[in-house]
Amino acid sequence: MTEWTDAETFARALERADTKEKGNCFEDFEEGDLLEHDPGLTLTRWGNESWMSQTLNHDPAYWRTDAATARGFDEPPIHPDFLTAATLGITVEDLSEKGGYFLGRTNVRFPEAPVYPGTELRVESEVVETATSSSRPQYGIVTWRTRGLDAATGDVLCSYERTNMIPRRQPVETDGGSAGATSADDDPDGGLPAEFVTPEGGYFEDFAAALEDADGRDAAVAYRHERGRTQDDVTVASLPLATLNTAKQHHNADVMGDSPSGGIVTYGDVTRSTALGHARSDERTWREVGFDDERFHTFVASGDTVYAFTRVLGAEDDADSPEAGTVRFEHIAFNQDDEPVYSGTRTAEIQKRSRN
Ligand SMILES: CC(C)(COP(=O)(O)OP(=O)(O)OC[C@H]1O[C@@H](n2cnc3c(N)ncnc32)[C@H](O)[C@@H]1OP(=O)(O)O)[C@@H](O)C(=O)NCCC(=O)NCCSC(=O)C[C@](C)(O)C(=O)O
């Protein structure tokens with residue numbers, strides 16, 4: 001057999017060889033297509049705790065049995081952030097491994113029943129919409145509806161709709177997009193209210209009281225959280241790989257060196273979960289209900305620090321549990337240069353003080 005491993009011969013061999021490509025291009029998706037994702041994942045306590053510790057999510061009900069049982073759980077369950085990230089991670093091989101930007105996600109929902117360690121996750125997606133990107137002719141925009149199921153029972157554990165830019169095989173002619181669009185207002189303050197109110201504590205009553213205080217005045221309930229988390233090899237590469245996320249954005253520095261980000265970037269779900277961890281450290285979370293209008297505004301890379309800002313949108317005493325009330329938040333993750341990197345609305349049940 002001829003020896004091909006001297007550097008010159010091997011370089012020529014690489015030039016001649018076809019690459020067996022991974023992932024799908026925009027043209028491979030048709031509205032209505034249903035994809036069953038091959039990889040599955042056992043949601044382990046280790047995976048859960050790695051994700052939660054690295055993203056600073058320290059809600060005791062997910063760490064200690066006595067706190068879990070006080071919340072009505074049998075044992076510390078799988079955290080909804082890890083469940084969401086694992087559900088999405090499993091889909092990447094089929095949906096977005098080709099590259100492209102994770103633009104956003106909405107309608108993220110969790111049924112009320114807790115998910116316990118040991119549950120085997122099976123995931124399926126439906127192509128909901130395909131669209132031309134007018135600003136980027138080499139990409140199309142695809143939206144999928146994804147469901148993470150208990151492989152043993154078929155119960156839905158997590159569902160959402162996600163939108164990505166996906167590379168096309170063939171670029172299309174476009175109108176070049178809506179460049180220079182909207183700097184909506186003439187107000188130099190960007191429409192901000194005169195006053196920001198900060199809730200005194202983290203219980204439901206504190207959010208309700210702060211909203212009442214702001215009501216009828218030129219004020220909003222909005223505040224920032226002190227903690228920041230600088231991105232490192234663990235958050236950028238290890239956490240997404242632990243969810244079977246095969247997106248080259250997070251672990252192939254060689255390929256990403258030539259991309260717009262110039263290197264590997266943090267998985268959107270790590271950025272989001274880190275910001276949510278900061279926000280939850282200043283509240284008494286009882287249960288996550290859902291997330292909407294999630295957007296990823298710019299890249300986060302190793303060395304960047306993720307901070308969080310919260311705006312309280314509403315509080316209603318209508319939670320399923322008498323121990324809690326429902327609060328709607330907008331969370332904005334931002335970096336060390338104060339640039340927003342993620343935003344989304346969140347509905348969560350927040351513990352009532354009167355319980356104590
Ligand atoms: C994407 C960038 C370049 C666009 O930056 P821009 O300022 O040019 O953006 P834009 O004009 O707001 O949006 C571009 C186009 O996307 C559309 N669009 C935008 N959002 C949505 C949405 N939610 N739903 C539907 N469409 C949306 C928007 O309408 C527009 O369409 P057009 O091309 O026709 O004008 C910029 O925002 C950016 O860099 N964002 C950061 C992306 C990022 O870092 N994502 C997370 C990390 S990657 C990741 O986690 C990967 C994952 C999970 O593993 C994996 O998918 O495999």
Side-chain angles (χ1 to χ4, degrees), residues 22-26 29 37 39 81 84-108 123 125 127-146 160-168 171-183 231 235-252 255-256 259-275 291-302 304 306 333-335 339-345:
K22 290 286 182 205
N24 288 308
C25 289
F26 175 75
F29 296 106
H37 306 292
D81 284 10
T84 309
T87 301
L88 197 158
I90 287 168
T91 69
V92 168
E93 178 175 337
D94 292 325
L95 305 188
S96 50
E97 180 164 346
K98 222 26 167 201
Y101 309 94
F102 179 12
L103 294 172
R105 188 173 46 195
T106 198
N107 210 8
V108 185
V123 183
S125 301
V127 182
V128 180
E129 199 179 338
T130 58
T132 295
S133 163
S134 40
S135 60
R136 289 174 175 74
Q138 65 278 35
Y139 291 94
I141 297 174
V142 187
T143 301
W144 307 276
R145 183 177 300 117
T146 293
Y160 60 77
E161 281 132 48
R162 155 163 87 120
T163 302
N164 270 55
M165 279 209 184
I166 299 295
R168 288 176 177 273
V172 287
E173 300 251 331
T174 73
D175 62 7
S178 50
T182 71
S183 132
Q231 299 302 291
T235 54
V236 174
S238 301
L239 290 186
L241 285 170
T243 68
L244 309 192
N245 180 334
T246 51
K248 52 176 87 66
Q249 285 103 312
H250 315 308
H251 62 260
N252 188 334
V255 169
M256 293 306 290
S259 73
S261 60
I264 57 175
V265 299
T266 304
Y267 176 19
D269 266 329
V270 171
T271 302
R272 158 208 201 254
S273 192
T274 303
F291 296 81
D292 288 287
D293 304 318
E294 299 193 283
R295 297 287 294 257
F296 295 92
H297 300 276
T298 193
F299 300 118
V300 175
S302 194
D304 285 342
V306 174
F334 61 98
N335 64 19
E339 292 168 320
V341 295
Y342 159 88
S343 62
T345 60

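In listed order, ligands and their atoms are each counted from 1.
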A.B. asks: Can you sort out the partners of Q249 under side chain to side chain contact (heavy atoms under 4.5 Å, CB included), two or more places apart, ordered by chain and number?
C.D. replies: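 Expected list: A247, M256, V265.
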A.B. asks: For D304, enumerate each residue passing the side chain to side chain contact (heavy atoms under 4.5 Å, CB included) test, keeping only those at least two apart in sequence or located in another chain.
C.D. replies: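 Result, side chain to side chain contact (heavy atoms under 4.5 Å, CB included) vs D304: V300, A301, Q336.
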A.B. asks: Which is closest to atom 43 (C) of ligand 1 in terms of heavy atoms, Y101, F296, Y267?
C.D. replies: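 The option holding the nearest heavy atom is F296.
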A.B. asks: Regarding ligand 1, does F102 bring an N or O atom to under 3.5 Å of one of the ligand's N or O atoms?
C.D. replies: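 The answer is yes, given that F102 and ligand 1 share an N or O pair closer than 3.5 Å.
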A.B. asks: Using a strict 4.0 Å cut-off to heavy atoms of V92, name the atoms of ligand 1 that fall inside it.
C.D. replies: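 The atoms of ligand 1 under 4.0 Å from a heavy atom of V92 are 57 (O).
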A.B. asks: Give the atom numbers and elements of ligand 1 that come within less than 4.0 Å of a heavy atom of S134.
C.D. replies: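 Answer for ligand 1: 32 (P), 33 (O), 34 (O), 35 (O).
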A.B. asks: Give the single entry among K248, R136, H250 that approaches atom 2 (C) of ligand 1 most closely by any heavy atom.
C.D. replies: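 Shortest heavy-atom distance from atom 2 (C) of ligand 1: R136.
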A.B. asks: Should the pair Y267 and H250 be assigned to parallel (<30°), tilted (30 to 60°) or perpendicular (>60°) ring geometry?
C.D. replies: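 Y267 vs H250 ring planes: tilted.
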A.B. asks: Measure T298 to ligand 1 on non-hydrogen atoms and call it side chain, backbone, both or neither using the 4.0 Å cut-off.
C.D. replies: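 Backbone only.
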A.B. asks: In Å, rounded to the nearest 0.5 Å, how long is the span from CG of L88 to OG of S96?
C.D. replies: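 One finds 6.5 Å between CG of L88 and OG of S96.
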A.B. asks: For ligand 1, is any non-hydrogen atom under 4.0 Å from E97's backbone (N, CA, C, O), its side chain (CB onward), both, or neither?
C.D. replies: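 None of E97 does.
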A.B. asks: Just let me know how S135 lines up against ligand 1, side chain, backbone, both or neither, with a heavy-atom cut-off below 4.0 Å.
C.D. replies: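 Both backbone and side chain of S135 come within 4.0 Å of ligand 1.
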A.B. asks: Below a 4.0 angstrom heavy-atom separation, can you tell me which part of N245, side chain or backbone, both or neither, approaches ligand 1?
C.D. replies: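 Side chain only; the backbone of N245 stays clear of ligand 1.
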